[in-house]
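Note sheet for the following structure.
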Amino acid sequence: MPIEGAVKRGSVRERAAGERGERRAMCGRYASTRGRQELVDFFGVEHDEAEDLEPDYNVAPTKPVPVVLTRRSGSDAASGVGGEGRAVRGASEERTRPESRSGSDAASGVGGEGRAVRGASEERTRPESPSGSDAVTGGGGEGAGVLGAGEERARSEDVRELHVARWGLVPFWAKDVSIGARLINARVETAHEKPAFRRAFALHRCVVPADGYYEWQATDGGKQPHFIRPADGGILAMAGLYAVWRSPDAAGERLLSCTILTTEATDDVGRIHDRMPMLVEPERFGAWLDPALTDPEEVRSLLVPAAEGRLESYPVSTAVNKVANNGPELVRPLPQMGIPSVSPLTLF
């Protein structure tokens with residue numbers, strides 16, 4: 001069974017926090033429509049724990065999203081989220097198509113143009129507990145199972161797994177999950193030293209797959225949304241961090257959550273917004289996901305801004321502003337929708 005709360009919609013308080021119209025750092029909306037099998041093949045996933053995964057063209061904070069992570073060798077005998085995931089032995093292995101995930105149209109806690117919370121809310125000063133209770137290997141000790149208490153299985157090596165997490169990191173020391181709506185992004189320049197993120201940066205890194213992300217550009221006629229995606233139409237592998245939170249009120253309830261690392265936007269990207277998600281190139285997936293790699297500087301060296309010509313941008317309908325809207329029409333260039341538009345931008 002999945003982690004309880006991992007796919008629950010944001011609370012009223014969380015949604016209201018985003019409806020106050022505050023300026024937010026990117027990335028606050030994105031599209032994630034790839035199927036489980038495509039993600040398994042692209043990321044070399046060995047164990048599939050992603051239940052209830054379906055296309056989402058308007059991912060917003062507190063919604064459930066796919067993440068790829070590596071479990072530490074011999075860390076525990078629990079199988080991922082709850083022991084009911086499937087071992088992946090190859091692309092030819094048959095899988096049952098997932099049903100619709102609950103809460104996929106959940107309100108985001110992001111208002112206006114859906115911009116993410118600014119850096120000040122990302123970088124909290126809460127003291128970090130040394131207990132290691134959010135570690136991938138333990139929730140109250142380094143040997144305890146964290147992501148679930150399912151059937152035991154031996155691990156002779158690190159295992160790459162596909163999970164569904166709640167977007168908005170909930171640190172293990174949080175009193176409740178509401179903090180997650182304000183921690184959807186972490187600045188790569190400071191994540192390694194901020195209390196909310198530094199443990200995850202050292203031990204709990206993940207990749208957050210996307211088709212592309214939305215950003216809003218100020219124009220004379222208002223804020224125009226743009227969709228930014230790989231120029232080759234491939235998967236955008238955004239660098240992320242994850243945490244496992246245990247509810248103090250419900251025994252055994254766990255929540256897997258994540259945040260997306262951001263960096264300064266380069267060249268033409270900066271004309272739309274001054275921040276962009278940090279990307280992980282395929283040849284660096286293994287090192288980025290390796291829980292044994294803990295040196296902050298070495299970890300940071302794995303991340304580089306998108307290469308020249310890697311991304312493209314074009315204006316899309318303002319329908320994306322409303323979280324309830326969700327469909328392929330959100331990512332279509334405006335000319336294809338019969339709406340007058342400025343010329344598409346090619347980044348870099």
Please give me the minimum heavy-atom distance between Arg166 and Val170, naming the atom from each residue. NH1-CG2, 4.4 Å
Could you check whether the rings of Tyr30 and Trp167 sit parallel, tilted or perpendicular, using 30° and 60° as the cut-offs? perpendicular
In Å, rounded to the nearest 0.5 Å, how long is the span from CZ of Arg160 to CG of Asp48? 14.0 Å
Chi angles and distances behind the side chain to side chain donor-acceptor pair (under 3.5 Å) call for Thr262, Arg275: CA-CA 6 Å; Thr262 68; Arg275 304 290 296 179; 3.1 Å; yes
Could you go through Arg332 and Glu329, starting from their C-alpha distance and side-chain angles, then the distance that decides it, and tell me whether this counts as salt bridge (charged side-chain N to carboxylate O under 4.0 Å, His left out)? CA-CA 5 Å; Arg332 292 175 188 154; Glu329 67 277 5; 5.0 Å; no
Can you tell if the side chain of Arg198 reaches within under 4.5 Å of the side chain of His192, non-hydrogen atoms only? no
Is Arg284 reaching over with its side chain to a backbone N or O of Leu302, donor-acceptor style, under 3.5 angstrom? yes
What do the steps show when you test Arg36 against Glu54 for salt bridge (charged side-chain N to carboxylate O under 4.0 Å, His left out), and what is the final call? CA-CA 9 Å; Arg36 294 171 72 170; Glu54 67 177 13; over 6 Å; no
Go through it in stages, so that I can follow the logic: the residues are Lys63 and Asp56, the test is salt bridge (charged side-chain N to carboxylate O under 4.0 Å, His left out), and I'd like the CA-CA distance, side-chain angles, deciding distance and then a yes or no. CA-CA 10 Å; Lys63 293 179 78 172; Asp56 194 336; 3.0 Å; yes
Which heavy atom of Leu293 sits nearest a heavy atom of Glu298, and at what distance? CD1-CD, 3.3 Å
How many angstroms lie between atom CG of Asp158 and atom CG of Leu69, to the nearest 0.5 angstrom? 11.0 Å
Under 3.5 Å: donor-acceptor pair, side chain of Thr294, backbone of Ala202: no
Taking every heavy atom of Ser317 against every heavy atom of Leu334, the minimum-distance pair comes out as N-CD2, 3.4 Å
Quick check: does any side chain N or O of Arg205 sit under 3.5 Å from a backbone N or O of Trp288, one acting as donor and the other as acceptor? yes
Would a distance-only check, ignoring hydrogens and angles, find a side-chain to backbone donor-acceptor pair under 3.5 Å from Tyr214 to Val59? no
Would you confirm whether Trp245, through its side chain, and Ala174, through its main-chain N or O, come within 3.5 Å as a donor-acceptor pair? yes
Identify the heavy atoms of Tyr242 and Cys206 that sit nearest to each other, and give their distance. CD2-CB, 3.9 Å
Shortest non-hydrogen contact from Ala186 to Ala191? CB-CB, 4.2 Å
Nearest 0.5 Å please: distance from the CZ atom of Arg229 over to the CD1 atom of Ile235. 14.0 Å
Non-hydrogen side-chain atoms of Asn321 and Trp216 separated by less than 4.5 Å: yes
I'd like to check the ring pair (Phe, Tyr, Trp, His ring centres under 6.0 Å) partners of Phe201; sequence neighbours left out, ordered by chain and number. none
On the 0 to 90° scale, with breaks at 30° and 60°, tag the Phe43-Phe285 ring pair as parallel, tilted or perpendicular. tilted
Gap separating the NE2 atom of His204 from the OG1 atom of Thr259, nearest 0.5 angstrom: 14.5 Å
Taking atom CZ of Arg246 and atom CZ of Phe172, what is their separation to the nearest 0.5 Å? 12.0 Å
Decide side chain to side chain donor-acceptor pair (under 3.5 Å) for Asp176 and Ser178; before the verdict, give the C-alpha distance in whole Å, the side-chain angles of both, and the deciding distance to 0.1 Å. CA-CA 6 Å; Asp176 57 56; Ser178 63; 2.4 Å; yes
Distance-only polar pair, side chains of Asn58 and Asn325, donor-acceptor under 3.5 Å: no
Between Lys194 and Glu189, does at least one N-O distance fall below 4.0 Å, as a salt bridge requires? no
Would you indicate whether the side-chain heavy atoms of Ser247 and Leu255 approach each other to under 4.5 Å? no
Might you work through the side chain to side chain donor-acceptor pair (under 3.5 Å) test for His163 and Glu161, ending with a clear yes or no? CA-CA 6 Å; His163 290 265; Glu161 300 181 345; 2.8 Å; yes
Quick one, Leu39 with Leu53, criterion side chain to side chain contact (heavy atoms under 4.5 Å, CB included). Give me CA distance, side-chain angles, the key distance, then yes/no. CA-CA 11 Å; Leu39 296 179; Leu53 183 62; 4.1 Å; yes
Taking all non-hydrogen atoms of both residues, which atom of Val320 and which atom of Pro225 are closest, and how far apart? CG1-CB, 3.7 Å
Are Leu261 and Leu241 close enough, and set up right, to give a side chain to side chain contact (heavy atoms under 4.5 Å, CB included), and what steps lead you there? CA-CA 7 Å; Leu261 288 166; Leu241 310 175; 4.2 Å; yes
Glu281 versus Arg310: any side-chain heavy-atom pair under 4.5 Å? yes
Assess the residue pair Val65 and Val164 against the criterion (side chain to side chain contact (heavy atoms under 4.5 Å, CB included)); give the C-alpha distance rounded to whole Å, side-chain angles, the decisive distance to 0.1 Å, and a yes or no. CA-CA 5 Å; Val65 298; Val164 171; over 6 Å; no
Quick one: which of Glu215, Met276, Glu312 gives a side-chain contact (heavy atoms from CB on, under 4.5 Å) with Ile228? Glu215
Check the pair Leu236 / Asp211 against side chain to side chain contact (heavy atoms under 4.5 Å, CB included), numbers first and verdict last. CA-CA 6 Å; Leu236 194 69; Asp211 298 357; over 6 Å; no
Please round to the nearest 0.5 Å and tell me the distance separating atom OG1 of Thr70 and atom CG of Leu289. 4.0 Å
Are side-chain heavy atoms of Leu162 and Val40 found at a separation under 4.5 Å? yes
